Number of protein chains: 2
Amino acid sequence: MANMKEIARMAGVSLGTVSHVLNRSAPVREPLRRRVEEAVQAAGYQPSALARGLRRDKTNMIGMVIPDVTNPFFPAVVRGAEDTAFANGYRLVLCNTDNDHSKELVHLNELRTYLPSGLIVIPSDFSDLTRQAESYQRSGAAVVCVDRLPRRWHGDSVTAANEQGAHAATRYLIQLGHRRIAAITGPLHLTNSEQRLRGFRRAMAEADLPIAPEYLQESSFDLAGGRSRALLLLRMLPRPTAIFGGNDMIAMGVLQAIRELGLRCPEDVSVMGFDDLDFAALINPPLASVLQPGYQLGATAARILLDRVHGDGGPARHIVLPTELRIRESVAPPRASEAGAGKTRAGGARAAGRTTPRSRKKQ
Amino acid sequence: MANMKEIARMAGVSLGTVSHVLNRSAPVREPLRRRVEEAVQAAGYQPSALARGLRRDKTNMIGMVIPDVTNPFFPAVVRGAEDTAFANGYRLVLCNTDNDHSKELVHLNELRTYLPSGLIVIPSDFSDLTRQAESYQRSGAAVVCVDRLPRRWHGDSVTAANEQGAHAATRYLIQLGHRRIAAITGPLHLTNSEQRLRGFRRAMAEADLPIAPEYLQESSFDLAGGRSRALLLLRMLPRPTAIFGGNDMIAMGVLQAIRELGLRCPEDVSVMGFDDLDFAALINPPLASVLQPGYQLGATAARILLDRVHGDGGPARHIVLPTELRIRESVAPPRASEAGAGKTRAGGARAAGRTTPRSRKKQ
DNA sequence: AGGGGAGAATGAAAGCATTCAATCCAATGC
DNA sequence: GCATTGGATTGAATGCTTTCATTCTCCCCT
């Protein structure tokens with residue numbers, strides 16, 4: 001492919017002029033500009049992204065570092081980021097960390113050599129991002145943190161309203177009449193898990209409901225963890241009438257455990273998830289959940305990053321996107337014999353969440 | 001960050017020597033080599049990927065062009081490719097085309113300016129990849145096609161055994177005693193859809209079963225399409241006793257339609273999917289499906305690409321990875337009154353597929 | 001008509017690593 | 001002991017674009 005010198009020769013102008021036409025970095029008078037544009041057309045010339053990046057000390061790449069694309073929640077975040085980046089001429093380099101902070105470190109170090117404009121990171125467990133980000137920022141690259149934060153993070157971040165979401169979900173269960181509500185949280189060293197737990201606790205406290213310590217189980221964010229903790233919970237006496245899962249995978253595990261024990265959802269146990277993954281509405285019974293706007297999370301992170309690239313030097317922004325309760329058939333009032341004494345039967349609760357159909361997958 | 005000249009100065013050697021130490025491109029005697037390595041350490045030096053790529057006319061990036069990460073089948077492919085690429089020092093630039101060939105074209109053109117080592121592409125509808133790939137290959141970049149092929153594709157490819165998979169699935173339904181089997185295919189301009197249909201037809205032909213034309217429905221690869229086609233099929237008289245979906249999303253739509261009409265699966269209608277997405281085993285009833293090795297698809301594509309980069313100039317490779325039947329509760333023999341006259345009740349059929357638990361998601 | 005100045009165009013330098021032809025050295029062979 | 005050979009080392013050239021100091025034009029004003 002032709003290079004810029006070639007174009008300059010063809011158009012009979014200097015290198016600088018070609019560059020100025022290409023980048024609008026200086027006014028170029030009509031006749032020259034036209035000649036350059038025609039030469040570019042004729043040669044099918046495209047500037048080398050490498051040479052450009054080398055010279056400018058910055059490329060239009062954005063490093064996207066996430067635990068695992070294969071995890072059903074993350075693709076939406078990636079897609080949101082990619083769309084926004086793409087629309088602005090930026091490209092995403094995708095890195096999976098498997099939640100391993102040493103693998104994350106490798107990616108972070110490697111990525112630097114490409115001089116990306118910035119990084120969008122969903123931190124791994126025990127991430128060292130805070131320190132790494134400093135060196136990026138020193139070299140003018142922006143770093144935005146998404147979904148969960150590493151310890152001591154003070155930079156830009158975009159997260160979901162985990163606490164509110166969990167609070168609303170728990171409150172809904174309480175309004176339905178549940179009193180013995182258990183929770184299976186995700187790993188509590190993750191800020192999002194911890195926030196969800198806090199929301200759960202707050203709702204329970206506000207209703208003056210005690211939380212039996214054994215009703216609080218910590219699990220990994222997966223189906224197996226949810227299932228095993230649910231098996232424990234479901235065998236306790238008295239048995240909880242509702243279980244709040246730290247995410248939808250956990251909730252799926254709960255549903256599985258319920259089936260295995262010959263119990264029924266929602267008749268015997270109500271189940272609430274978190275994330276509202278696509279399949280939540282599709283399973284049987286449809287899973288009530290707290291919608292987390294994955295796409296928006298990614299898109300917003302990219303937006304902030306681009307603002308930084310374009311010179312926004314303001315203080316760190318901490319965007320918290322609203323969550324939304326999606327009520328579905330996996331939650332129902334407890335059996336009459338179980339209903340909280342004196343509690344009304346969730347008169348207004350039904351209005352708290354609406355079920356909106358979602359489906360737009362194509363292959 | 002320091003550059004190579006700096007390192008050369010620190011180590012008291014020439015630029016060339018530093019380069020040779022870094023790339024093992026020529027032997028360097030111990031004392032010098034040590035001095036260079038120490039200088040690299042001390043300065044925390046990392047070569048600039050941009051300068052390197054510029055000089056070598058090739059970077060260690062791989063363009064990964066897919067329809068949509070958000071589509072549940074693709075993340076596994078991406079992950080397979082990323083793992084293999086990463087293990088060999090390559091990085092993935094992710095591009096979503098939304099199945100739009102003009103968007104694909106934009107990506108393909110843009111990507112070129114990064115001088116990637118190659119491209120892994122799941123072609124969009126009506127992709128112009130065949131032509132684009134030529135120009136890549138001329139410049140020494142490899143292009144590998146995955147999952148489906150654009151028209152007239154003669155380059156490297158990695159696909160699943162779509163025909164065999166569909167054949168095995170259909171044969172299984174037949175062996176269960178079904179005779180009126182309908183199929184809802186994906187878009188038939190996609191090679192994978194078409195191959196699955198061919199497998200379906202072959203199995204039916206081999207059993208001397210006719211296929212009523214109205215039992216063959218074409219749909220988009222999504223839930224809505226599957227649902228609407230299923231509603232048509234389920235209202236036909238005689239009603240099919242089994243429906244084979246072109247992928248799992250379509251099959252999900254079928255299940256939904258069945259429920260809506262007050263029918264039951266598998267008692268009234270058996271349902272078979274294709275892909276074996278993670279949720280297939282988790283829904284109710286668990287969905288029988290044809291496992292497509294998404295991760296392997298991606299990993300193999302990356303493997304081939306790397307071989308090409310390392311100089312494999314052999315003829316185009318067309319890898320076809322085996323699919324595997326996953327029998328689950330969504331399929332069962334038809335009601336006794338429906339069973340094909342003279343057909344045995346699928347004695348050996350049960351052995352044809354085994355259900356293996358799969359779950360390893362973490363967040 | 002001459003001087004000044006704004007705007008346009010130029011081209012060399014910079015940014016960084018790789019490669020190759022040339023040089024250097026030591027050891028081997030005769 | 002000298003020439004030859006092969007391996008080790010060097011440094012200039014290269015790839016491509018952006019930037020900036022400089023030069024050039026042309027117009028306006030006095």
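Keep in mind that this is a model prediction, so the values were computed, not measured. Every chain is numbered from 1 and lettered A, B, ... according to where its sequence line falls, protein lines coming before strand lines.
At a threshold of 4.0 Å, the pair A/D98-B/R79 counts as salt-bridged, since one of the basic side-chain nitrogens sits closer than that to a carboxylate oxygen. A salt bridge links A/E6 with A/R9: the distance from a Lys NZ or Arg NE/NH1/NH2 to an Asp or Glu carboxylate oxygen falls below 4.0 Å.
Judged by distance alone, the side chains of A/S157 and A/H318 do bring a donor and an acceptor atom under 3.5 Å apart. With no hydrogens or angles considered, a side-chain donor-acceptor pair links B/S127 and B/E104 at under 3.5 Å.
The structure places OG1 of B/T300 at 10.0 Å from CZ of B/R303, a figure rounded to the nearest 0.5 Å. For the atom pair CG (A/L321) and CD (A/Q296), the distance works out to 7.0 Å, reported to the nearest 0.5 Å.
Using a distance-only test at 3.5 Å, with no hydrogens or angles considered, a donor-acceptor pair links the side chain of A/K58 to the main chain of A/G140.
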For nucleotides 5-9 of chain D, tabulate all protein N/O to nucleotide N/O atom pairs closer than 3.5 Å, reporting atom names and distance.
residue : atom : partner : partner atom : Å
D/dT9   : OP2  : B/R29   : N            : 2.8

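Close to D/dC16, at under 4.0 Å from its OP1 or OP2, lies no side-chain N or O of B/Y114. Using a 4.0 Å cut-off, some side-chain N or O of B/N23 falls inside it from OP1 or OP2 of C/dT18. Between B/S48 and C/dC16 there is no side-chain polar atom (N or O) within less than 4.0 angstrom of OP1 or OP2.
With rounding to whole Å, A/L50 atom CG is found 12 Å from D/dT18 atom P. For A/L115 and D/dT18, the CG to P distance is 15 Å, given to the nearest whole Å. We find that CG of A/L22 is positioned 8 Å from P of D/dT17, with the value rounded to whole Å. Counting to the nearest Å, the C1' atom of D/dC20 and the CG atom of A/L15 are 14 Å from each other. One interatomic measurement links the two molecules: CG of A/L54 to C1' of C/dA13, which rounds to 13 Å at whole-angstrom precision. Distance A/E6 CD to D/dC16 P: 10 Å, rounded to the nearest Å. B/R24 places its CZ atom 15 Å from the P atom of C/dT19, with the value rounded to the nearest Å. Between the CD atom of A/Q46 and the P atom of D/dC16 there is a distance of 14 Å, given to the nearest Å.
At the heavy-atom level, A/D57 lies nowhere under 4.0 Å from the strands shown.
Evaluation of atom-type donor-acceptor distances gives a pair under 3.5 Å for the side chain of B/R55 against the base of C/dT18.
Residues B/G12 and B/R52 both approach DNA chain D. Their nearest nucleotides, taken by heavy-atom distance, put B/G12 toward the 5′ side.
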